[in-house]
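Below is one structure; the comments refer to it alone.
Quick caveat, the model's predicted, so the values are computed rather than measured.
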Amino acid sequence: MEQLAVFGGIPVRDTPIHYGKQYIDKDDVAAVAETLEHGDLTCGPRIEELERKLCDVTGAKYAVAVCNGTAALHLAAMAAGFGEGDEVIVSAITFAASANCVLYCGAKPVFADINPQTYNIDPHAIERLITPHTRGIVAVDFTGQSIEHDAVEAICKKHNLILIEDAAHAIGTKYSGRPVGSMADMTCFSFHPVKTVTAGEGGAITTNDEQLYRRLVRLRTHGITRRREEMAHPTDAPWYNEEVELGYNYRLTDIQAALLISQLGKLPAFSARRKEIVAKYDKAFGEMPELVVQKEIPESDTTRHLYILRINPERLKCDRRQFFDALHGENIYSQVHYLPVYWHSYYEKLGYTKGLCPNAEKYYEEVLSLPLYYSLTEEDVESVIEAVKKIVAYYRK
Ligand SMILES: *Cc1c(COP(=O)(O)O)cnc(C)c1O
């Protein structure tokens, strides 16, 4: 049997690849340079243009550009009115920011388990967690796959809950033909370089509700308004503005907006290539009983941000750590998404204990994320598949 590189064998590839990487072309650079040379650097026309573009892409009525995805979640949680004494149900498998935004508002995140096949929040788990204190849900389109909107929205309607969709992974995804960003009360996006499109750092919230939109715009700039109808003491003085509530400076710059507008122009191409790569991986790994492929619900037309490789411990003599190390030895640098949020020691200190979400905990022990990004070449994809097959052959029971 072929020796794994970690044990002194020859690696499948001689240069490393990471699990994610941005793609920046000349048009992106030119857009940024043009803004630097001729434009306003902040609060300028690029922000409005970006917000219109985000409405086009998502089908939402309103979009608010902010400085990162975490700021988007924070403002959405504030606009939702979450506060002391409130409970907000959050997916257990997500980046910590999805739950941190609830804590920022003084409310309590309550973690819902995942569906063991799709890895998204399980609507049945949500139902079981509802109490008289439940005010909302932060549901993540994990890996880019849409949450089960029909089921989740029905729960929200029945119990009068606000739905915040954390779509940091999911720009470009559709659910039953409707784009992510047009369905929840508020949808939050991230434009960090590892995500499908990037602004360097950046985020946005989309909504169809004008009241929420106005509030988000105000909170983005210190809670200060220039709209007379929002003021306690309106005057006709042209300089006058009023802080009517406590907000933040969560603005995006026009420089970043210019980059993101240019990137959004490439979203169809990014999306198509990601789908192609996912199809190749699914085909290669779907036939191997040692591996588990993420299940897609038929309603989701997914632009995948992450490709999750799940090992089947019944069929392999190695654990996830050994698989991860072996891949690293083959020069494929994977990652793990994510630790169940409540396993972080900060959450442990808040009183959350292991055992809350068994599907999420089992999931975490068995997964890693393979390289998935626009500029992966066919050779790269083939080498990833070859490395995975080599490791499976080595550790097969
Ligand atoms: C990236 C990410 C965020 C945070 O976005 P930033 O732009 O890094 O602040 C939030 N939620 C999820 C699921 C993410 O992947």
Could you list all the side chain to side chain donor-acceptor pair (under 3.5 Å) pairs where at least one residue sits in residues 98-111, not counting sequence neighbours?
T94-S98, S98-D166, N100-Y347
Any pair counted as side chain to side chain donor-acceptor pair (under 3.5 Å), so long as it reaches residues 56-85, sequence neighbours left out:
H74-Y250
Is it true that the NZ or CZ of R310 lies under 6.0 Å from the centre of F285's six-membered ring and within 45 degrees of the ring axis?
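Not satisfied by the 6.0 Å and 45° rule.
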Inspect the contact between K295 and E148 and indicate whether a charged nitrogen and a carboxylate oxygen are less than 4.0 angstrom apart.
no
Pair D28 + K266, salt bridge at N-O below 4.0 Å:
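Salt bridge present between D28 and K266.
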Taking the six-membered ring where the residue is Trp, are the ring centres of H337 and Y19 under 6.0 Å apart?
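Yes, the ring of H337 comes within the 6.0 Å limit of the ring of Y19, centre to centre.
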Under 4.5 Å side-chain heavy-atom separation, chaining through any Ile, Leu, Val, Met, Phe, Trp or Tyr, what else clusters with [X]? Say none if it is isolated.
X    : answer
V29  : I24, V32, L36, L41, I255, L259
I297 : Y23, I47, L50, L54, V57, I171, Y175, V180, M183, F189, F191, V197, L252, L260, I261, L264, L267, F270, Y374
L161 : I89, V110, I121, I126, L129, I130, I137, I147, V152, I155, L163

Set of salt bridge (charged side-chain N to carboxylate O under 4.0 Å, His left out) partners for [X], sequence neighbours left out:
X    : result
R218 : E230, E245
E34  : R46
E296 : R304
E229 : R227

Checking the side chain of Q263 only, and the main-chain atoms of T198 only, is there a donor and an acceptor separated by less than 3.5 Å?
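Answer holds: yes.
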Polar side-chain atom of E242 near backbone of H233 as donor-acceptor pair, under 3.5 Å
yes
Can you tell me if R251 has over 12 outside heavy atoms packed within less than 6.0 Å of its CZ?
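Atom CZ in R251 is crowded, with more than 12 foreign heavy atoms closer than 6.0 Å.
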Is there side-chain contact between Y364 and Y338, with at least one heavy-atom pair below 4.5 Å?
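The answer is no; the side chains never approach within 4.5 Å.
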Who passes ring-ring contact (aromatic ring centres under 6.0 Å, His included) against H18, sequence neighbours left out?
Y333
Identify, with sequence neighbours excluded, every residue that meets ring-ring contact (aromatic ring centres under 6.0 Å, His included) alongside H222.
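Partners of H222 by the ring-ring contact (aromatic ring centres under 6.0 Å, His included) criterion come out as none, since no residue qualifies.
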With sequence neighbours excluded, residues passing side-chain contact (heavy atoms from CB on, under 4.5 Å) with P116
N359
